[in-house]
Amino acid sequence: MSVQEAVITLRRARRNFKDHIDDYGYEREELAKVIGTSPQYLSSLLNGNANGKTAREKLRKLFKYTGYSGDNWLQP
């Protein structure tokens, strides 16, 4: 996979999760409370600007809470 293809794949994964959140009517403040962070950190996480072990754990928690089964863009 080329770098360009990898970037496209990551963007698609983030977009798909954002669409899932919107489709099922989850509010950003609700999701921030679920993972114990601020709405600003949630935005950073959803935009792919947060990384590391803590970010992966919070993203997994969001996936579980929302019932999302798509790709995780923060794989170890």
Rounded at 0.5 Å granularity, tell me how far [atom1] in [X] sits from [atom2] in [Y].
X: L62; Y: E57; atom1: CG; atom2: CD; answer: 12.5 Å
X: T9; Y: M1; atom1: OG1; atom2: CE; answer: 4.0 Å
X: T54; Y: L59; atom1: OG1; atom2: CG; answer: 12.5 Å
X: L74; Y: R14; atom1: CG; atom2: CZ; answer: 8.5 Å

Can you find a pair of side-chain heavy atoms, one from [X] and one from [Y], that are under 4.5 Å apart?
X: L31; Y: E27; value: no
X: I35; Y: L45; value: yes
X: E30; Y: K33; value: no
X: N16; Y: D71; value: no
X: R28; Y: L46; value: yes

Item to complete: Give the other cluster members for V3, using side-chain heavy-atom distances under 4.5 Å between Ile, Leu, Val, Met, Phe, Trp and Tyr residues; answer none if it is isolated.
Response: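 V3 shares its hydrophobic cluster with V7.
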Worksheet item: For the ring pair Y24 and Y68, is the centre-to-centre distance below 6.0 Å?
Response: no
Discussion item. Show me the pairs that pass ring-ring contact (aromatic ring centres under 6.0 Å, His included) and involve residues 26-51, at least two apart or across chains.
Written reply: Y26-Y65
Response to the item:
Here the pair of heavy atoms bringing P39 nearest to A32 is N-CB, 3.8 Å
Discussion item. Testing the basics here: between H20 and T66, what is the closest heavy-atom pair and its distance to 0.1 Å?
Written reply: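 Heavy atoms of H20 and T66 come nearest at NE2-O, 2.9 Å.
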Fill in: Partners meeting side-chain hydrogen bond (donor to acceptor under 3.5 Å, both in side chains) with N47 (sequence neighbours left out)
K18
Item to complete: Give a yes or no on whether the backbone of Q40 and the side-chain of S44 come within a donor-acceptor separation of less than 3.5 Å.
Response: no
